[in-house]
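Everything quoted here is computed from the prediction, not taken from an experiment. No hydrogens, no waters, no symmetry mates; every other heavy atom, side chains included, goes into these values.
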Amino acid sequence: MLLNLTALLMSNSRTSLAAMLVSLTAAYFLNFTPHRILAASTLACLALAFFFLVDIDALMAILSRSGKAEEITSATGRTYIWEVAIRLIQERPLTGWGYTSTKEILPLHAHEIGHAPQSTHNLYLQMLFSMGIPGLTTFLAMFIMKFYYAMKFNDFFKVTILIFLLLHGLTESTIFVGMAGSTTIMFGLAYCLNYRREEPKTQNLPA
């Protein structure tokens, strides 16, 4: 775990780091206890106070690599891709354009986006683009089912993975385009690990 955290810090991937921190925090507080509810409420109040008291534009400029707040507000230029992707999805909302079709279609709109992207840089838009509403609906239904059982059995590890994948998908297409990576392994864990607890075996002792 320490090695993975170190590698994540060295990658300088801000979205991955943010998703990991939020997913760990959310998984911890989803196991409701009076103390955790109080702590979560306190954190929420502090977060609201922070956004009201701090100059958000100046903070975003500091966090950006270029020194410009627009880099953060545009999700590093992803909003331009999303605008084009949404328009194309509206043309084929049910069937989509076909699996991995973004590699062929989005570069045709490079003059609108500013470059030739290979994906939508968003898990949900990527699925809508390639497989339409039925594909995204099936994916979310399976994910909700896994999340339900992970919550039911208070499985902190699986809840963290599931929340991370959902958050990371806001800015990356993850396993639905490109080569296999770390998220491929995480999706495999999310879908393949057993979510049922085995009943303890009892021995029948002689009377």
Side-chain angles (χ1 to χ4, degrees), residues 1-65 69-76 78-79 82 121-125 127 136 139-175 181-200:
M1 186 174 182
L2 182 60
L3 287 172
N4 279 294
L5 180 60
T6 304
L8 188 59
L9 288 169
M10 291 175 66
S11 71
N12 196 26
S13 175
R14 293 166 299 182
T15 53
S16 297
L17 283 166
M20 181 56 70
L21 289 173
V22 173
S23 59
L24 284 169
T25 305
Y28 176 79
F29 285 115
L30 281 173
N31 185 11
F32 300 113
T33 64
H35 291 91
R36 292 183 182 185
I37 292 172
L38 178 61
S41 302
T42 304
L43 283 174
C45 292
L46 289 173
L48 285 173
F50 177 82
F51 282 110
F52 278 114
L53 297 174
V54 173
D55 186 343
I56 301 299
D57 287 337
L59 178 63
M60 288 183 178
I62 294 171
L63 293 174
S64 67
R65 295 187 180 98
E70 185 185 2
E71 179 185 329
I72 304 295
T73 57
S74 67
T76 325
R78 287 174 172 83
T79 54
W82 296 342
H121 278 280
N122 180 285
L123 169 65
Y124 313 101
L125 290 179
M127 296 196 72
L136 179 60
F139 169 80
L140 291 177
M142 293 177 65
F143 224 88
I144 290 169
M145 180 184 70
K146 290 293 184 181
F147 194 83
Y148 168 77
Y149 281 108
M151 286 289 296
K152 181 179 179 180
F153 298 135
N154 295 319
D155 195 322
F156 178 84
F157 175 66
K158 298 187 188 80
V159 169
T160 303
I161 288 178
L162 292 168
I163 295 175
F164 173 82
L165 290 172
L166 289 174
L167 292 175
H168 191 251
L170 293 173
T171 56
E172 298 296 340
S173 300
T174 65
I175 63 171
S182 58
T183 50
T184 312
I185 299 172
M186 296 184 76
F187 268 101
L189 287 172
Y191 282 115
C192 296
L193 287 179
N194 190 1
Y195 283 80
R196 295 182 181 179
R197 281 182 174 172
E198 294 183 359
E199 294 294 330

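With values rounded to the nearest 0.5 angstrom, Phe187 atom CZ is found 13.0 Å from Lys146 atom NZ. The line from CG of Leu140 to CG of Leu123 is 8.0 Å long, rounded to the nearest 0.5 Å. Between Leu170 atom CG and Asn122 atom CG the span is 6.5 Å, to the nearest 0.5 Å.
More than 12 heavy atoms of other residues, nucleotides or ligands sit less than 6.0 Å from atom CZ of Phe156.
The aromatic ring centroids of Phe143 and Phe147 lie 6.0 Å or more from each other.
Closest approach of His121 and Trp82 over heavy atoms only: O-NE1, 3.4 Å. Nearest heavy atoms, Ser23 versus Leu167: N-CD1, 4.1 Å. Of all the heavy atoms in Gly169 and Thr174, the pair that sits closest is CA-CG2, 4.4 Å.
For the pair Val159/Phe153, no side-chain contact is recorded, criterion being any heavy-atom separation below 4.5 Å from C-beta on.
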